[in-house]
Undergrad: 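Provided herewith is a single structure, encoded as structure tokens, for subsequent inquiry.
Throughout, a chain's letter reflects where its sequence line sits, starting with A, and its residues are numbered from 1. Predicted model, so just to flag it, every value in this text is computed and none were measured.
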Protein chains: 2
Amino acid sequence: MPMDDAQHEYVDKVATFFTMFGSARAWAEILGWLMICEPAEQTQAEIADDLGLSAGTVSTQLRSHVQLGMVEQVRVRGDRTQRYRLRPGAWYAVMASELERIRALGELARAGDLVLPRDRPERVTELGDLADFFAREWPPLMERMTAELEKGTA
Amino acid sequence: MPMDDAQHEYVDKVATFFTMFGSARAWAEILGWLMICEPAEQTQAEIADDLGLSAGTVSTQLRSHVQLGMVEQVRVRGDRTQRYRLRPGAWYAVMASELERIRALGELARAGDLVLPRDRPERVTELGDLADFFAREWPPLMERMTAELEKGTA
DNA sequence: GCATGTTTTCAGTATTGCCTGAATCCATTG
DNA sequence: CAATGGATTCAGGCAATACTGAAAACATGC
């Protein structure tokens, strides 16, 4: 099913938002389209056609989405075509994975101990304290988030 | 004061980390250097010299840091040269400003109401719920973070 | 207000990374 | 196991962006 005007506008809005943070245009457009397309499951050919992207681009960017855990593939028996859809709970998964990045920031701060400056060493230690704080707070926050989700779904 | 080997290695580590998220190499190197240089206050010429960057690059990227609130300028009386340093609490400020991005995500979800798909509408609403949750949780989290900071500083 | 040194601007260059399209690879069905 | 059609790969073109270097603009101290 091709896009109507309102849908096109929304895909564009999503694309504009995410390209602001450095993601590729095609990557963001695919994400936006997978949020609102019907049915939710789409083939690569359909996505390429609806968004006016080449097969290669869709293949590459879709894999990126899959690796990031935002999109999953679904197999339909009796049809050799693979279908792709936004993963249920995709947004929550992204937030949960934030913990890894927090930890990486902590590592970066700790690596700075070797070159800790005499003058205002808190330039480095502050970052470490921050990472520690979030590493502690994030898991319970994620639990509360999940609880909230259950409530909404139930 | 020029960099020694350990410092060079650390600047490189910071640069590698941040370029992974799409920032310019020079931008990240300046950030890394401002975290560990002595004294903490540096002139554009010193930064350019220490990092082997052109005057133009330092001027541009440094302004970016200032606009993002990571770096501030300090004026020294009797010296016409401007000095730059990592802003105290810079990392905390970045975390605090995250709230704006959460709100923007919420807006994006709400804009999706106009094209809400019949099939699995939660693809859009889920994002809105998530943004609402974080918009509620973020301010108290920031307060706890600040309290933590005070404790460490005191 | 002038001289001096610093910062900014900007045109040109290099680099990076996206996107395309066609050829190749692969999986599935009958 | 052959035939069919979807998915992936990759070389090449292109657009966007980073960086340089020098000239212009600016600010400060004298």
Side-chain angles (χ1 to χ4, degrees), chain A residues 1 11-12 14-34 37 39 41-68 70-86, chain B residues 11-12 14-34 37 39 41-68 70-85:
Chain A
M1 190 199 61
V11 168
D12 206 62
V14 173
T16 301
F17 183 84
F18 284 99
T19 50
M20 265 175 46
F21 299 110
S23 73
R25 177 94 198 163
W27 184 94
E29 284 186 2
I30 290 172
L31 176 60
W33 183 225
L34 286 181
C37 60
E41 291 79 18
Q42 297 276 307
T43 68
Q44 288 200 11
E46 284 166 352
I47 294 170
D49 197 41
D50 291 336
L51 294 173
L53 295 169
S54 75
T57 299
V58 172
S59 174
T60 303
Q61 301 301 334
L62 214 40
R63 177 173 42 216
S64 162
H65 279 300
V66 170
Q67 282 175 349
L68 289 169
M70 288 290 292
V71 169
E72 63 187 3
Q73 318 179 2
V74 286
R75 302 174 169 278
V76 179
R77 273 184 64 89
D79 187 357
R80 95 187 44 177
T81 312
Q82 192 75 258
R83 282 166 202 283
Y84 297 83
R85 69 172 174 213
L86 199 70
Chain B
V11 168
D12 206 62
V14 173
T16 301
F17 184 84
F18 284 99
T19 49
M20 265 176 45
F21 299 110
S23 73
R25 177 95 198 163
W27 184 94
E29 284 186 1
I30 290 172
L31 176 60
W33 183 226
L34 286 180
C37 60
E41 290 79 19
Q42 297 276 308
T43 68
Q44 288 202 11
E46 285 166 351
I47 294 170
D49 198 40
D50 292 336
L51 293 175
L53 295 170
S54 74
T57 299
V58 172
S59 174
T60 304
Q61 300 301 336
L62 214 40
R63 178 175 41 216
S64 162
H65 279 301
V66 170
Q67 283 174 347
L68 289 170
M70 288 291 292
V71 168
E72 64 188 2
Q73 317 179 2
V74 286
R75 302 172 169 279
V76 179
R77 274 185 62 90
D79 187 356
R80 97 187 45 177
T81 312
Q82 192 75 259
R83 282 166 202 282
Y84 297 83
R85 70 172 173 211

Undergrad: Sort out for me which residue in A/Gln73, A/Glu46, A/Gln42, A/Gln44 forms a side chain to side chain contact (heavy atoms under 4.5 Å, CB included) with A/Arg83.
TA: A/Glu46
Undergrad: Given D/dT8, D/dT9, D/dT20, identify the nucleotide with an atom nearest to the side chain of A/Arg63.
TA: D/dT9
Undergrad: Write down the distance between CD (A/Glu29) and C1' (C/dC19), rounded to a whole number of angstrom.
TA: 12 Å
Undergrad: Below 4.5 Å, heavy atoms only, C-beta onward: do B/Arg25 and B/Thr16 meet side chain to side chain?
TA: yes
Undergrad: Taking atom C1' of D/dA18 as reference, at what distance in whole Å does atom CG of B/Leu53 sit?
TA: 11 Å
Undergrad: Without decimals, in angstroms, what is the distance between B/Gln44 CD and D/dC26 C1'?
TA: 13 Å
Undergrad: With heavy atoms under 4.0 Å as the rule, sort A/Arg75 into base, sugar-phosphate or nothing.
TA: sugar-phosphate
Undergrad: Remember a base hit wins even if backbone is also touched, and classify A/Ser59 as base, sugar-phosphate or nothing at under 4.0 Å, heavy atoms.
TA: base
Undergrad: Starting at atom CD of B/Gln42, determine the distance to atom C1' of C/dT6, rounded to an integer number of angstrom.
TA: 16 Å
Undergrad: Does OP1 or OP2 of C/dT28 have a side-chain N or O of A/Gln82 closer than 4.0 Å?
TA: no
Undergrad: In whole angstrom, what separates B/Gln73's CD from D/dC26's P?
TA: 16 Å
Undergrad: Quick one: B/Leu62 CG to D/dT20 P, roughly how many Å, whole number?
TA: 14 Å
Undergrad: What is the distance from CD of B/Glu41 to P of C/dT6, rounded to the nearest Å?
TA: 17 Å
Undergrad: Quick one: closest heavy-atom pair of A/Gly32 and A/Val14, and the distance?
TA: CA-CG1, 3.8 Å
Undergrad: Where the side chain of A/Ser59 meets the backbone of A/Ala55, is there a donor-acceptor pair that is under 3.5 Å apart?
TA: no
Undergrad: For A/Gln61 and for B/Arg83, find the nucleotide of DNA chain C with the closest heavy atom, then tell me which residue's nucleotide is more 5'.
TA: B/Arg83
Undergrad: Check whether any side-chain nitrogen or oxygen of B/Thr57 sits under 4.0 Å from OP1 or OP2 of D/dA18, and answer yes or no.
TA: no
Undergrad: Which of these nucleotides, C/dT6, D/dT9, D/dT20, is closest to any side-chain atom of B/Thr81?
TA: C/dT6
Undergrad: Taking the nucleotide of DNA chain D with the nearest heavy atom to each, does B/Ala24 or A/Thr43 sit closer to the 5' end?
TA: A/Thr43
Undergrad: At under 4.0 Å between heavy atoms, what does A/Gly22 touch on the DNA or RNA strands: base, sugar-phosphate, or nothing?
TA: nothing
Undergrad: Quiz question: going by heavy-atom distance under 3.5 Å, is there a donor-acceptor pair between the base of D/dT4 and the side chain of A/Arg80?
TA: yes
Undergrad: Please state how far atom CD1 in A/Ile47 lies from atom P in D/dA7, giving the value in whole angstrom units.
TA: 9 Å
Undergrad: Take the angle between the ring planes of A/Phe18 and A/Trp27 and call it parallel below 30°, perpendicular above 60°, tilted in between.
TA: perpendicular
Undergrad: For a quick test of reading the model: is some side-chain N or O of B/Ser54 closer than 4.0 Å to OP1 or OP2 of D/dT20?
TA: yes
